[in-house]
Peer 1: 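One structure, pasted below without further comment.
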Amino acid sequence: MSTDPRIALQALVSAFEEHLSAVSSRRGNSDPAVETAFYGISDAFEEYEDALYESYGEVTPLELYDDEDDETEDAGGAGDGSKDRETSIDA
């Protein structure tokens, strides 16, 4: 079952809006609403990227990575390049 990229894009934009709302009304450093919204962006992005690739054979210039990649790079390694949890923009 494939998702229409336009629908997936709308879900991604909504996830960003939910994240902004959660961050702007944050109730402390470890507010679970912010964490939930953070992961919502990640999940919505993966859905969008999959739909885009499935429909058009194209990807975005964005990459998801996890904290372990940062720790490996900080320790002098190159990281494994796996896509998971945090979003960065490669420009």
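Small disclaimer: the values here were computed from a predicted structure and weren't measured.
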Peer 1: Ignoring hydrogens and angles, tell me if any N or O in the side chain of E49 forms a donor-acceptor pair with the backbone of T60 under 3.5 Å.
Peer 2: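 Yes; judged by distance alone, with no hydrogens or angles, the pair exists.
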
Peer 1: Looking at R6 and Y56, what are the two nearest heavy atoms and their distance?
Peer 2: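 Result for this residue pair: NH1-OH, 3.8 Å.
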
Peer 1: Starting at OG1 of T36, measure out to CD1 of I41 and round the result to the nearest 0.5 Å.
Peer 2: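 Interatomic distance, T36 OG1 to I41 CD1, rounded to 0.5 Å: 11.5 Å.
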
Peer 1: Locate the shortest heavy-atom distance separating A44 from A11; write the atom from each residue and the value.
Peer 2: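 A44 and A11 have their closest heavy atoms at CB-O, 4.0 Å.
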
Peer 1: Roughly how far apart are L9 CG and E47 CD, rounded to 0.5 Å?
Peer 2: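 It comes to 13.0 Å.
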
Peer 1: Between CD of E54 and OG1 of T3, what distance do you get to the nearest 0.5 Å?
Peer 2: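 Taking CD in E54 and OG1 in T3, the distance rounds to 7.5 Å.
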
Peer 1: Search all heavy atoms of S25 against all heavy atoms of S21 and return the closest pair with its distance.
Peer 2: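 Scanning both residues, the minimum pair turns out to be OG-O, 2.9 Å.
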
Peer 1: Identify the two heavy atoms, one from G40 and one from A15, that lie closest to each other, and give their separation to 0.1 Å.
Peer 2: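 Minimum heavy-atom separation between G40 and A15: O-CB, 3.8 Å.
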
Peer 1: For A22 and A33, which heavy atoms make the closest approach, and how far apart are they?
Peer 2: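 Shortest heavy-atom contact: CB-O, 3.7 Å.
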
Peer 1: Starting from V23, can I reach F16 by hopping between I/L/V/M/F/W/Y residues whose side chains sit under 4.5 Å apart?
Peer 2: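 As far as the 4.5 Å side-chain criterion goes, V23 and F16 are not connected within one cluster.
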
Peer 1: According to a 4.5 Å side-chain heavy-atom criterion applied to Ile, Leu, Val, Met, Phe, Trp and Tyr, with indirect links allowed, do Y48 and I7 form part of one hydrophobic cluster?
Peer 2: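 Y48 and I7: separate clusters.
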
Peer 1: Answer yes or no: is there a donor N or O on one side and an acceptor on the other, between the side chain of S55 and the main chain of L52, under 3.5 Å?
Peer 2: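 Between the backbone of L52 and the side chain of S55 there is no qualifying donor-acceptor contact (under 3.5 Å).
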
Peer 1: Are L64 and V34 co-members of a hydrophobic cluster defined by side-chain heavy atoms under 4.5 Å apart?
Peer 2: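 Result: no, two separate clusters.
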
Peer 1: Are Y39 and L20 connected in a single hydrophobic cluster, I mean Ile/Leu/Val/Met/Phe/Trp/Tyr linked by side-chain heavy atoms less than 4.5 Å apart?
Peer 2: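 The answer is no; the residues belong to distinct hydrophobic clusters.
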
